[in-house]
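What follows is one structure encoded as structure tokens, with my remarks underneath.
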Amino acid sequence: MAYDPNAPGNNPGGTPPPNTPYSPTNYGAPPPPPPGPSDPYQSQQPYNPYAPSTPSYPPVPNPNSSPAYPSQPGISGAGYNDPTYVSPSAQGYQAPPVQPGPSYPGYPPVNQGYPQQGFVPPPQKKSSGGKIALIILAVVVVLAGIGIFSASAYNTSQGNAHATATAQAQDAKATANVQATATYMASHFPFSSKLILNDSLSGNNPAHGWMSDKYCSFSNNMYHASETKSSTFVTCSAKSTDYTDFSFEATMQNFIGNAGGLVFRGDEDQQNYYLFLVFYDGSFGFYSYSTASHTKKIITGDVNNFSISKPIRLGVTAQGNSFKFFADGQQIGQATDSTYSHGQVGIAVDNDALITEANFSNAKVWQL
């Protein structure tokens with residue numbers, strides 16, 4: 001029922017008695033008839049004694065109440081005026097369900113939870129998300145393993161390739177060095193890498209048999225040769241040596257006098273030699289000597305930048321009847337002669353009106 005602020009029950013001056021209707025009281029009117037069967041939905045209309053016993057129209061419904069089926073006195077018929085009749089509301093009446101409206105052509109009927117005639121819904125598919133996730137995980141694991149294996153194999157192959165390339169580069173470098181050395185040695189003194197004699201001349205090596213007397217002696221870690229008699233020369237040979245084709249060198253220093261140098265393809269017992277001598281004035285001469293013919297000059301020449309105060313490395317190459325002569329590794333002359341084919345190596349000084357002496361060190365012979 002609607003709330004009326006002007007109703008007597010809502011007046012702050014008093015409280016209406018129980019079960020008193022909230023409509024205004026009509027004093028002097030006869031009392032209303034007793035109420036019919038209980039109907040909570042029955043309209044509460046005021047009593048009108050002048051109204052006909054049978055209304056010509058249905059009672060006006062209360063707009064503030066729910067629609068109902070009230071009892072209607074004065075209408076004959078089974079059940080309506082029967083005092084035993086119980087209203088639907090008293091029986092727990094429930095409004096009938098709303099029936100669906102008619103379906104329209106071209107549209108399926110309203111879905112009420114039942115399948116259409118002749119239509120069978122497909123069975124619900126089980127979720128394959130878990131299987132797909134497992135398959136994807138397995139593929140990822142396999143690919144990761146392949147990637148790790150490939151990376152490891154790649155790194156291993158790269159490491160092997162790097163090691164191989166490094167080894168090949170080192171081998172190539174070593175081969176290039178050997179070839180460069182061989183090329184250099186083929187065109188530069190001593191023209192060979194086969195060193196067969198290497199003697200510092202700091203002492204007498206028994207394997208070489210260096211001569212030792214008043215003309216030839218070892219002192220101050222060098223081999224000393226001297227000649228005091230004018231117009232003579234002296235040789236100091238390694239009598240245990242005998243070479244045919246070779247390169248031979250020794251360093252001369254502390255030189256004073258006339259000339260000093262090397263002897264080769266010699267024979268001390270027979271006094272046969274080849275001599276390569278450098279003179280105090282910077283000239284040189286190549287000679288052969290024998291007791292029968294004495295000294296024979298073959299060629300002479302000059303040594304560039306020679307000084308008696310500085311050490312000089314003298315060298316000779318003998319191959320067959322061809323000879324080349326060197327000072328400090330630089331060729332200063334060449335000649336041919338067939339007098340001697342092999343023999344001993346040694347050092348020599350020559351006195352030509354001047355007392356001559358010199359010290360020698362680092363004698364070396366390379367086989368050609």
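Note that the coordinates shown come from a computational prediction; the quantities given were computed from them, not determined experimentally.
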Just how far is it from atom [atom1] of [X] to atom [atom2] of [Y], taken to the nearest 0.5 Å?
X	Y	atom1	atom2	value
Ile299	Tyr287	CD1	OH	10.0 Å
Asn362	Met252	CG	CE	14.5 Å
Ile196	Gln367	CD1	CD	5.0 Å
Asp328	Thr251	CG	OG1	8.0 Å
Asn258	Glu357	CG	CD	13.5 Å
Arg313	Gln330	CZ	CD	9.0 Å

Report task. Start with the C-alpha gap between Ser192 and Ser247, add the side-chain angles, then the distance that decides, and say whether side-chain hydrogen bond (donor to acceptor under 3.5 Å, both in side chains) holds. Result -> CA-CA 8 Å; Ser192 173; Ser247 292; over 6 Å; no
Requested in this report: Show the numbers, then the answer: is there a salt bridge (charged side-chain N to carboxylate O under 4.0 Å, His left out) between Lys239 and Asp269?
Outcome: CA-CA 9 Å; Lys239 296 182 68 174; Asp269 295 336; 3.6 Å; yes
Heavy atoms only: give me the nearest [X]-[Y] pair and the separation to one decimal.
X	Y	value
Pro206	Ser240	O-OG, 4.3 Å
Asn204	Gly209	OD1-C, 4.4 Å
Val234	Ser226	CG1-O, 3.5 Å
Leu195	Lys364	CD1-CB, 3.9 Å
Phe306	Gly282	CD2-CA, 3.6 Å
Ser219	His224	OG-CB, 4.1 Å

Validation row: [X], [Y] side chains within 4.5 angstrom (heavy atoms):
X	Y	result
Glu268	Thr235	yes
Pro190	Glu249	no
Ser200	Asn221	no
Leu201	Met222	no
Asn351	Ser231	no
Ser237	Val263	yes
Tyr274	Leu262	no

Treating Ile, Leu, Val, Met, Phe, Trp and Tyr as nodes and any side-chain heavy-atom pair under 4.5 angstrom as an edge, say whether [X] and [Y] lie in one connected cluster.
X	Y	result
Ile332	Phe279	no
Val303	Leu275	no
Val349	Tyr215	yes
Phe325	Ile347	yes
Ile298	Phe284	yes

Requested in this report: Is it possible for you to check whether Lys324 lies under 6.0 Å from the centre of the six-membered ring of Phe191, through NZ or CZ, and within 45° of that ring's axis?
Outcome: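 Yes, Lys324 and Phe191 form such a contact.
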Query raised in the report: Between Asp199 and Leu197, is a side chain to side chain contact (heavy atoms under 4.5 Å, CB included) present by the stated rule, with each step listed?
Result: CA-CA 6 Å; Asp199 196 335; Leu197 184 147; 4.1 Å; yes
Say whether, by atom type as modelled, one donor and one acceptor occur between the side chain of [X] and the main chain of [Y] under 3.5 angstrom.
X	Y	result
Thr356	Asp352	no
Glu227	Lys229	yes
Ser230	Ala353	yes
Thr336	Ser322	no
Asp245	Gly320	yes

Requested in this report: Report the C-alpha separation of Phe264 and Tyr243 in whole Å, then their side-chain angles, then the decisive distance to 0.1 Å, and conclude whether the ring pair (Phe, Tyr, Trp, His ring centres under 6.0 Å) test is met.
Outcome: CA-CA 9 Å; Phe264 53 94; Tyr243 305 116; over 10 Å; no
Does atom [atom1] of [X] have more than 12 heavy-atom neighbours from other groups under 6.0 Å away?
X	atom1	result
Gln331	CD	yes
Asp213	CG	yes
Asn305	CG	no

Between [X] and [Y], ring centroids under 6.0 Å:
X	Y	answer
Phe286	Phe276	no
Tyr273	Tyr340	no
Phe189	Phe326	yes
Phe233	Tyr289	yes

Requested in this report: For the residue pair Trp210 and Tyr223, categorise the inter-ring angle as parallel (less than 30°), tilted (30 to 60°) or perpendicular (more than 60°).
Outcome: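 Judged by the thresholds at 30° and 60°, the geometry between Trp210 and Tyr223 is perpendicular.
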Query raised in the report: Could you walk me through whether Asn321 and Asp337 pass the side-chain hydrogen bond (donor to acceptor under 3.5 Å, both in side chains) check?
Result: CA-CA 5 Å; Asn321 61 356; Asp337 188 83; over 6 Å; no
Query raised in the report: With a 3.5 Å cut-off and no angle check, do the side chains of Asn272 and Asp267 form a donor-acceptor pair?
Result: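 Per modelled atom types, Asn272 and Asp267 side chains form no pair under 3.5 Å.
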Query raised in the report: Any side-chain donor paired with an acceptor under 3.5 Å for Asn359 and Asn254?
Result: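 Checked: Asn359/Asn254 side chains pair up, N/O donor to acceptor below 3.5 Å.
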Query raised in the report: Below 4.0 angstrom, N of the basic side chain to O of the carboxylate: do Arg265 and Asp242 qualify?
Result: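 Looking at Arg265 and Asp242, the cut-off is not met.
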Report task. Go through the steps to decide whether Ser309 and Ser307 satisfy the test side-chain hydrogen bond (donor to acceptor under 3.5 Å, both in side chains), and finish with yes or no. Result -> CA-CA 5 Å; Ser309 62; Ser307 172; 2.8 Å; yes
